[in-house]
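Please read the structure below before turning to the comments.
Because only heavy atoms are used, hydrogens play no part in the values below, and waters and symmetry mates are left out as well, while side chains stay in. Proteins get letters first, then strands, A, B, ... in listed order; numbering begins at 1 in each. Owing to the predicted nature of the structure, the values given are computational and were not obtained by experimental measurement.
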There are 2 protein chains.
Amino acid sequence: MRNRQMSLPEAGEDKRGPEGRLGYLLRQAAAAHRLRMERALADLDITPPQFTVLTMLASYPGCSNADIARIAVLTAPTVTVIVGNLEARGAVTRRRHAEHGRILHIDVSAQGLALLERCRERVHALDEALLAGFAEEEEAAVRRWLSAAARDPAA
Amino acid sequence: MRNRQMSLPEAGEDKRGPEGRLGYLLRQAAAAHRLRMERALADLDITPPQFTVLTMLASYPGCSNADIARIAVLTAPTVTVIVGNLEARGAVTRRRHAEHGRILHIDVSAQGLALLERCRERVHALDEALLAGFAEEEEAAVRRWLSAAARDPAA
DNA sequence: AAGATAATATTAGAGGTCTAACATTATGCG
DNA sequence: CGCATAATGTTAGACCTCTAATATTATCTT
């Protein structure tokens with residue numbers, strides 16, 4: 001049932017090649033990268049968002065749910081879900097702030113640190129692959145563009 | 001509770017500026033663009049994925065669930081959800097193939113077409129904004145890079 | 001013609017993401 | 001001090017996305 005009547009386009013053709021709309025291209029590229037990461041991490045039983053949050057927790061130990069939401073540009077409920085899954089998995093633990101009774105500090109467990117190391121190699125390899133065949137000037141343009149697109153999600 | 005003990009970074013600083021990891025930048029940029037689209041379309045009661053699928057259905061009328069999954073690079077269950085919501089909303093209708101009893105053809109309703117037109121203006125405006133401040137050479141590099149990143153989600 | 005293979009559509013289950021609403025705790029102002 | 005405001009964490013509900021499994025229908029092979 002490939003091309004029934006009017007020959008549908010293949011992936012990368014038509015509006016979905018380099019001439020397509022930028023927003024569409026951006027979504028496709030991000031979805032493909034997410035899927036590659038998901039599959040690269042699947043046997044370690046960790047998801048890409050969990051890896052991202054775990055990385056931040058390792059960089060800024062003891063920060064709170066709200067802190068993570070701010071630096072990861074996610075909402076508080078989203079972070080609650082991700083940290084909940086990391087906790088259920090044993091990668092992080094939580095403790096109440098000494099004086100501020102409401103705040104919960106999050107710490108990466110030894111098991112979580114070991115897990116993080118194993119993830120890093122694979123994710124970095126995928127990141128490297130994103131640059132294959134591009135000159136430094138092009139890379140600089142891409143970085144500048146992505147940073148600009150990431151700013152002001154509210155605007 | 002801004003900077004409690006060790007001064008957490010602001011958005012766009014640290015690993016999240018143009019020097020950050022490309023995969024991370026890509027995710028942030030796509031998430032920001034998705035959120036902008038969500039908010040731009042919210043009052044029309046349609047989501048970005050629904051807009052994407054509706055656009056494809058208008059371009060290739062009468063194609064099936066599986067056709068959409070192929071050209072949008074999504075899985076069949078995902079498309080089932082999105083088309084189901086479009087149908088519940090009255091933007092599309094479905095009919096059985098004349099001879100192939102299993103295939104369901106999807107058609108955009110008049111209401112769906114009118115809706116699509118209203119969406120297009122807003123989405124195109126957001127797409128234009130993605131290019132503000134970038135030269136043609138840079139745009140070409142970005143397009144080439146996004147297309148490369150979007151290829152081979154399985155690899 | 002009969003059985004094996006492939007394609008289509010759907011359901012179930014898990015996880016991520018948002019908005020809206022709520023409960024709890026800090027902080028600030030009169 | 002006491003109340004208003006803000007920050008933190010959570011729950012509820014909706015949607016998108018995946019993998020895995022199932023049912024139905026077409027097609028191919030022998």
Side-chain angles (χ1 to χ4, degrees), chain A residues 1-4 27-28 30-43 45-53 63-70 72-89 94-106 153-154, chain B residues 1-4 27-28 30-43 45-53 63-70 72-89 94-106 153-154:
Chain A
M1 192 61 49
R2 270 287 158 199
N3 293 332
R4 213 171 46 263
R27 166 184 162 272
Q28 297 280 40
H33 188 65
R34 176 186 53 74
L35 197 49
R36 279 189 292 262
M37 272 188 67
E38 251 171 30
R39 289 172 176 167
L41 298 178
D43 66 293
D45 194 33
I46 188 174
T47 65
Q50 287 167 20
F51 166 75
T52 299
V53 169
C63 69
S64 72
N65 205 324
D67 290 333
I68 292 292
R70 275 188 287 269
V73 195
L74 295 170
T75 60
T78 298
V79 178
T80 295
V81 169
I82 299 172
V83 172
N85 284 326
L86 282 173
E87 190 178 25
R89 204 192 166 299
R94 297 199 290 177
R95 58 185 158 83
R96 302 207 82 89
H97 185 108
E99 292 151 16
H100 297 262
R102 196 98 184 94
I103 295 177
L104 292 176
H105 288 192
I106 310 167
Chain B
M1 191 60 51
R2 270 290 157 196
N3 292 334
R4 210 169 48 265
R27 165 185 162 273
Q28 296 280 41
H33 188 65
R34 176 187 53 75
L35 198 48
R36 279 189 290 261
M37 274 188 65
E38 253 172 28
R39 290 172 175 167
L41 298 178
D43 66 295
D45 195 33
I46 187 173
T47 65
Q50 287 168 19
F51 166 75
T52 299
V53 169
C63 70
S64 71
N65 204 324
D67 290 333
I68 292 291
R70 274 188 289 268
V73 196
L74 294 170
T75 61
T78 298
V79 178
T80 295
V81 169
I82 299 172
V83 172
N85 284 326
L86 282 173
E87 190 178 23
R89 204 192 167 298
R94 298 198 291 177
R95 57 185 159 82
R96 301 209 82 89
H97 185 107
E99 293 152 16
H100 298 262
R102 195 96 185 97
I103 295 177
L104 292 175
H105 289 191
I106 310 168

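Within the 4.5 Å cutoff, side-chain heavy atoms of B/Q50 are placed close to those of B/N85. Side-chain contact check for B/I106 versus B/C63: every heavy-atom pair is 4.5 Å or farther apart. Inter-residue side-chain proximity for B/H105 and B/R94 is flagged as unmet; no heavy-atom pair is nearer than 4.5 Å.
Between the side chain of A/T78 and the backbone N or O of A/L74, no donor-acceptor pair lies under 3.5 Å. A/R89 places a side-chain N or O within donor-acceptor distance of the main-chain N or O of A/D45, the cut-off being under 3.5 Å.
Rounded to whole angstrom, the span from the CD1 atom of B/I106 across to the C1' atom of C/dT10 amounts to 13 Å. In this structure, CZ of A/F51 is placed 14 Å from P of C/dG16, rounded to the nearest angstrom. The separation between A/L86 atom CG and C/dA14 atom C1' is 15 Å, rounded to whole Å. Rounded to whole Å, the distance from NE2 on B/H33 to C1' on C/dT17 is 17 Å. Whole-Å rounding puts the B/L74 CG to C/dT10 C1' distance at 16 Å. A straight line from CD1 of A/I82 to C1' of D/dG9 spans 15 Å, rounded to a whole angstrom. For B/R39 and C/dC18, the CZ to P distance is 9 Å, given to the nearest whole Å. One atom, CD of B/E87, and another, C1' of C/dA9, lie 13 Å apart when rounded to the nearest Å.
With D/dG9, D/dT17, C/dT17 as the candidates, the nucleotide lying closest to the side chain of A/R102 is D/dG9. Distances were taken from every side-chain heavy atom of B/A66 (C-beta onward) to each of D/dT17, C/dT17, C/dT8; the shortest belongs to C/dT8. Nearest nucleotide to the side chain of B/N65, out of D/dC16, C/dT10, D/dT8: C/dT10. Candidate nucleotides C/dT10, C/dT17, C/dT19 were compared by shortest atom distance to the side chain of B/L35, and C/dT19 ranks first. Considering only the side chain of A/L104, D/dG9 comes nearest among C/dT8, D/dG9, C/dT17. Here D/dT17 is the nucleotide among D/dT8, D/dT17, C/dC18 with the atom lying nearest to any side-chain atom of B/P49. For A/T78, the listed nucleotide lying nearest its side chain is C/dC18; candidates were D/dT17, C/dC18, C/dG15. Out of C/dT8, D/dT8, D/dT19, the shortest distance to the side chain of B/T75 is found at D/dT19. Candidate nucleotides C/dG16, D/dT17, D/dC18 were compared by shortest atom distance to the side chain of A/E38, and D/dC18 ranks first.
Checking the phosphate oxygens (OP1, OP2) of C/dA9, a side-chain nitrogen or oxygen of B/S64 falls inside 4.0 Å. Contact annotation: B/N85 side-chain N/O to D/dC16 OP1/OP2 distance is under 4.0 Å. A/R70 has a side-chain polar atom (N or O) that falls below the 4.0 Å cut-off from OP1 or OP2 of D/dT8. A close approach under 4.0 Å does not occur between any side-chain nitrogen or oxygen of A/R94 and OP1 or OP2 of D/dG9.
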TODO: Mind running side chain to side chain contact (heavy atoms under 4.5 Å, CB included) on A/V53 and A/V83 for me, showing each step along the way?
DONE: CA-CA 8 Å; A/V53 169; A/V83 172; 4.1 Å; yes
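Annotation: of the two residues near DNA chain C, A/T47 and A/P77, the 5′-most nearest-nucleotide partner is A/T47.
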